[in-house]
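This structure is a prediction, so every number in the text was calculated from the model and none was measured. Naming convention: chains lettered A, B, ... in sequence-line order (proteins, then strands); numbering from 1 in each chain.
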There are 2 protein chains.
Amino acid sequence: MAPPLTSSARVRIAVPSVAERVAEELRYQLAEGMLLPGARLTEATIAEDLGVSRNTVREAFAELASERLVVRQPNRGVFVATLEAGDIHDLYTVRRAIEVSSIRGGGSPERIAAVRAAVEEGKRAAAADDNDALGSANQHFHGAIVALAESKRLDTIMRHVLAEMRLYFHKATADAHFYSAWLEENEAICAALEAGELERAGELLTGYLNRSEEQQRAVHGE
Amino acid sequence: MAPPLTSSARVRIAVPSVAERVAEELRYQLAEGMLLPGARLTEATIAEDLGVSRNTVREAFAELASERLVVRQPNRGVFVATLEAGDIHDLYTVRRAIEVSSIRGGGSPERIAAVRAAVEEGKRAAAADDNDALGSANQHFHGAIVALAESKRLDTIMRHVLAEMRLYFHKATADAHFYSAWLEENEAICAALEAGELERAGELLTGYLNRSEEQQRAVHGE
DNA sequence: ATCGTCGGATTGTTCAACGATTCTTCGATC
DNA sequence: GATCGAAGAATCGTTGAACAATCCGACGAT
């Protein structure tokens with residue numbers, strides 16, 4: 001193995017711990033819809049399935065609970081998080097706060113280029129008629145917007161929010177008609193951003209988020 | 001506090017688990033400055049001190065790590081989080097995003113009254129020359145602003161941010177001169193909010209946060 | 001049908017153990 | 001005398017087992 005060439009912060013090779021790999025696996029299953037909201041996660045079962053100890057599963061649960069992907073009910077177990085009344089509005093409130101704030105602050109040319117890249121990624125996915133890739137591209141787009149702010153903390157908040165939305169809205173709302181609308185919106189938002197019209201970009205983004213919230217609330221009960 | 005009259009969510013009597021109480025105790029010690037940034041937290045030691053098992057301490061650590069109050073270094077241990085370059089800016093970026101967004105959305109009369117209450121709390125603390133209470137009042141003020149949005153998620157994000165700031169800036173920056181300035185600012189922000197001048201309230205708040213960031217960066221290295 | 005009780009299942013927590021990794025100390029070598 | 005490396009101590013990561021506390025469902029009595 002090559003020695004570290006930079007003398008700055010020692011680069012940890014950081015093999016993810018077993019607990020983190022378990023969390024990652026569960027996150028994957030949650031995002032893919034293999035574990036549906038409300039499902040019960042029994043410690044012993046998962047421990048056996050993944051070939052790890054119950055304590056390790058416990059640590060993974062703690063991590064997922066802090067991300068609101070699962071809910072712990074004392075002495076009863078952990079359950080995949082379910083959509084409570086107001087949760088949709090809550091999630092979009094967070095998105096409006098951090099996405100709009102990020103875009104209004106502008107960003108470096110590289111970060112703006114990343115936003116543009118996500119837009120093009122979406123167009124390609126649409127051309128290829130790949131709904132899965134289309135969904136990913138949209139998440140990349142909004143992730144790139146938050147990344148404009150260059151804030152570690154906002155990035156992780158956004159990651160968590162997007163993970164929650166994947167959990168709730170995964171395949172159900174994935175019809176092409178639903179998607180094609182915001183493809184143009186993303187383009188417009190990105191164009192405004194590139195033109196330095198930050199105020200306008202913020203308004204477009206706000207409008208998009210409001211409409212998107214309405215759509216989700218229409219699809220789901222109330 | 002009045003019991004919830006709505007029959008909706010079943011109220012868990014929720015005796016906090018041991019792990020949560022350990023986390024709470026550590027959070028307290030971190031906020032009070034008993035555990036300074038960079039300090040090492042040895043699992044075995046804390047387990048013995050608090051009379052709990054090492055595994056339980058581990059769970060508490062996981063929670064604190066998710067709040068960025070401590071940092072886990074694989075195979076080395078957990079350390080009280082330290083201020084890295086850019087962290088101050090990062091924290092204020094989050095605050096600008098969620099506080100300004102919240103205040104621009106306005107809020108119910110009750111929530112606005114809570115903001116007013118925090119302002120008055122600050123004035124009383126200033127009159128009594130109680131610096132500790134003054135600091136708390138300021139945190140209540142900004143917490144109340146975020147509470148305007150009535151978002152569970154924004155509230156917990158803000159809680160975490162404020163906990164981080166307590167950790168980094170606890171007693172050090174607590175001189176009366178530093179405080180008296182923003183007492184008037186809080187009053188002005190609150191007045192604008194009460195008058196429904198949300199745009200203006202947002203600008204005042206932004207200005208305050210920018211200045212506050214500058215001050216903190218001046219006090220701490222760069 | 002309602003209520004209380006009992007047994008089974010699962011969680012919360014503890015404890016002991018062991019390999020793996022890091023830190024420290026202490027010589028040996030140049 | 002400084003550098004390097006190897007032995008040893010300390011700590012973490014993870015496991016497995018154990019036990020009390022709690023919850024759930026069934027069963028039976030009123």
**Where B:Glu67 and B:Glu164 come nearest, the two heavy atoms and their spacing** = O-CG, 4.1 Å
**Prompt:** Could you give the CD-to-P distance, from B:Glu48 to D:dT11, as a whole number of Å?
**Reply:** 11 Å
Distances for protein N/O vs nucleotides 16-20 of chain C N/O pairs under 3.5 angstrom?
from: C:dA17; atom 1: N6; to: B:Arg54; atom 2: NH2; distance (Å): 3.2

**Message:** Is there a side-chain contact (heavy atoms from CB on, under 4.5 Å) between A:Leu154 and A:Ser102? Walk through the geometry before answering.
**Reply:** CA-CA 9 Å; A:Leu154 283 187; A:Ser102 293; 3.9 Å; yes
**Prompt:** Is B:Arg153 close to A:Val161 at the side-chain level, that is, under 4.5 Å between some pair of heavy atoms?
**Reply:** no
**Message:** Please report the distance, rounded to the nearest Å, between CD in B:Glu59 and P in D:dG13.
**Reply:** 14 Å
**Prompt:** So, for A:Ile98 and B:Ala97, which heavy atoms are closest and what is the spacing to 0.1 Å?
**Reply:** CA-CB, 4.3 Å
**Fill in**
Atom CG of A:Leu41 and atom C1' of C:dT11 are separated, to the nearest Å, by 14 Å
**Request:** Return the value, rounded to whole Å, for the distance between atom CD of A:Glu20 and atom P of D:dC12.
**Result:** 17 Å
**Prompt:** Which residue, A:Arg40 or A:Ala19, contacts DNA chain D at a nucleotide closer to its 5' end, judged by nearest heavy atom?
**Reply:** A:Ala19
**Prompt:** Taking C-beta and beyond as the side chain, do B:Arg211 and B:Glu214 meet within less than 4.5 Å on heavy atoms?
**Reply:** no
**Asked** Could you state the CD-C1' distance from A:Glu43 to D:dT22, rounded to the nearest angstrom?
**Response** 13 Å
**Interatomic distance, B:Phe61 CZ vs D:dG13 C1' [rounded to whole Å]** = 14 Å
**Asked** Any donor-acceptor pair under 3.5 Å linking the side chain of B:Thr42 with the backbone of B:Ala44?
**Response** no
**Request:** Would you kindly give the CD-to-P distance between B:Gln73 and D:dA10, to the nearest whole Å?
**Result:** 21 Å
**Request:** Tell me whether the OP1 or OP2 atom of D:dG13 has a side-chain N or O from A:Thr56 closer than 4.0 Å.
**Result:** no
**Request:** Measure the distance from CG on B:Leu50 to P on C:dT13 and round it to the nearest whole Å.
**Result:** 14 Å
